[in-house]
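So the structure is just underneath, and the comments pick up after that.
Every value quoted in this text rests on a predicted model; they were computed, and no experiment measured them. Each chain gets a letter, A, B and so on, in the order its sequence line appears, and its residues count up from 1.
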Amino acid sequence: MPELPEVETIVRQLGPLVTGRKVASLEIFDQKLDSMDNESVPGRTVLEVRRLGKQIGIHLSGCPRTASALWLCFHLRMTGRLIWDDCCQTQNRKYLRAKLVLDKGELSFYDMRRFGSLKSYHSMAESLPAGLDPLSPEFAPSKLEKMLAHSRQEIKSWLLRQDRLAGLGNIYASEILFAAGINPRRQAGSLNSREINCLHSKIVEVLRLAIENCGTTFADFQDTRGQTGSFQGLLAVYGRQGDPCPKCGKPIVRIVQQQRSTFFCPDDQE
DNA sequence: ACCCTCCTGTCA
DNA sequence: TGACAGGAGGGT
């Protein structure tokens, strides 16, 4: 499920639930996550929960064994879910990959496709060579213009590059380009100043609106409380090939770029 | 700058 | 049976 708005939703919920709690244990059930050193986690206290791009970082204090603080970083990839106190047994236990047990409550990491990851770092920055967060104050039109300059990559593909902007994914890339009226096949470096300003403002607007709506949910439940987002009701083009374009009424078209679907309106996106 | 792959499941 | 799924690292 997770692009920036969904991850932000999880982080906002998780923060108040776990901050100040003490870690009792970290259980790993999937061999793919075995590189995680779960012995070094018990006894630490949760200091904060933060998002970096699409990653979720749980900041842990030092402990008697190790003085230095630690970041537990989750990346949910396609099907990862972090579920707080799964009392309702809403999730299929078969996909339980790890569990962080606190002095009160527990956080379960489910992941059907097992693309997700859990690793520990001494700082969050080292977890990924991440690009700029599009919701950070540093993200200005001039900055976007510099990043786009000379790139011959198609703008849709460029928007998915986490080493440039960290957090956009396949849904919001299509939605943002539709809102900005920019054809997904345009070369990134070919956008003029007017288009870049528009793109910049739509990136921020679409992400903020999606966060206000707790993200997009396709399957049943997603977030830490098993709640669903509601932004799927506001999607203009994603998954809507053949549906009438909200602006002009002509059919939305689906194309494939780098083996991934892109949805757009050929009439409204030049 | 692309294509494949990692997994498991659903749907046409 | 084959296409596709909200992601991204690795190889060419």
**Prompt:** What residues, two or more places apart in sequence or in another chain, satisfy side-chain hydrogen bond (donor to acceptor under 3.5 Å, both in side chains) together with A:Lys54?
**Reply:** none
**Asked** With A:Ser68, which residues qualify under side-chain hydrogen bond (donor to acceptor under 3.5 Å, both in side chains), at least two apart?
**Response** none
**Request:** For A:Glu195, check salt bridge (Lys or Arg N to Asp or Glu O under 4.0 Å) against everything at least two apart and list the hits.
**Result:** A:Arg186
Pairs under 3.5 angstrom, nitrogen or oxygen only, protein versus nucleotides 10-12 of chain C, please.
none

**Request:** Whenever both distances are under 3.5 Å in a Watson-Crick or G-U wobble pair, mark it; put DNA chain C into dot-bracket that way, with [ ] for crossing pairs and | when the partner is on another strand.
**Result:** |||||.||||||
**Fill in**
To the nearest angstrom, the NZ-P distance between A:Lys156 and B:dA1 comes to 16 Å
**Message:** Using a 4.0 Å heavy-atom cut-off, does A:Arg152 contact any base of the nucleic acid, only the sugar-phosphate backbone, or nothing at all?
**Reply:** sugar-phosphate
**Salt bridge present between A:Lys202 and A:Glu205 (N-O < 4.0 angstrom)** = yes
**Prompt:** Tell me: CG of A:Asp163 to P of C:dG7, nearest whole Å?
**Reply:** 15 Å
**Request:** Measure from the side chain of A:Gln153, starting at C-beta and using heavy atoms only, and say which of C:dA5, C:dA8, B:dA1 lies closest.
**Result:** B:dA1
**Item:** Integer angstrom distance from the P of B:dC7 to that of C:dG10
**Value:** 14 Å
**Complete:** Taken to the nearest whole Å, CD/A:Gln257 to C1'/C:dC4 is 16 Å
**Prompt:** Rounded to the nearest Å, what distance is computed from the CZ atom of residue A:Arg185 to the P atom of nucleotide B:dC2?
**Reply:** 12 Å
**Prompt:** Less than 4.0 Å between a side-chain N and a carboxylate O, is that true for A:Glu8 and A:Arg12?
**Reply:** yes
**Request:** Rounded off to whole Å, could you give me the CZ-to-P distance for the A:Arg81 and C:dG7 pair?
**Result:** 15 Å
**Request:** Using the C1' atom as the reference point in each nucleotide, state the distance between C:dA5 and B:dA1 in Å, no decimals.
**Result:** 24 Å
**Request:** Check salt bridge (Lys or Arg N to Asp or Glu O under 4.0 Å) between A:Asp268 and all other residues, then give those that pass, not counting sequence neighbours.
**Result:** none
**Item:** Counterpart residues, ring pair (Phe, Tyr, Trp, His ring centres under 6.0 Å), relative to A:His200 (two or more places apart)
**Value:** A:Phe139
**Message:** When you measure from the side-chain N and O atoms of A:Arg161 to the phosphate of C:dA8, is any distance below 4.0 Å, counting only OP1 and OP2?
**Reply:** no
**Prompt:** So, is A:Ser261 close to the C:dA5 phosphate, meaning a side-chain N or O under 4.0 Å from OP1 or OP2?
**Reply:** yes
**Message:** Just to verify, what does A:Lys250 make a salt bridge (Lys or Arg N to Asp or Glu O under 4.0 Å) with, not counting sequence neighbours?
**Reply:** A:Asp267
**Item:** Interatomic distance where CG belongs to A:Leu4 and P belongs to C:dG7 [whole Å]
**Value:** 11 Å
**Request:** Treat primed atoms plus P, OP1 and OP2 as sugar-phosphate and everything else as base, then score nucleotides 4-12 of chain B 5' to 3': B for base contact with protein heavy atoms under 4.0 Å, S for sugar-phosphate contact only, - for none.
**Result:** B-BBBS---
**Item:** Set of residues satisfying side-chain hydrogen bond (donor to acceptor under 3.5 Å, both in side chains) with respect to A:Asp30, sequence neighbours excluded
**Value:** A:Arg114
**Residues in ring pair (Phe, Tyr, Trp, His ring centres under 6.0 Å) contact with A:Phe178, at least two apart in sequence or another chain** = none
**Message:** Under the ring-ring contact (aromatic ring centres under 6.0 Å, His included) definition, can you give me all pairs with a residue in residues 151-176 of chain A, not counting sequence neighbours?
**Reply:** A:Tyr172-A:Phe231
**C:dG7 OP1/OP2 closer than 4.0 Å to side-chain N/O of A:His75** = no
**Asked** What integer distance in Å separates A:Gln55:CD from C:dG7:P?
**Response** 13 Å
**Asked** Atom CD1 of A:Ile171 to atom P of C:dA5: distance rounded to whole Å?
**Response** 11 Å
**Message:** Would A:Thr262 and A:Arg185 count as a side chain to side chain contact (heavy atoms under 4.5 Å, CB included) here? Give the steps.
**Reply:** CA-CA 10 Å; A:Thr262 302; A:Arg185 287 184 156 137; over 6 Å; no
**A:Arg254 vs A:Leu160, nearer the 5' end of DNA chain C by closest nucleotide** = A:Arg254
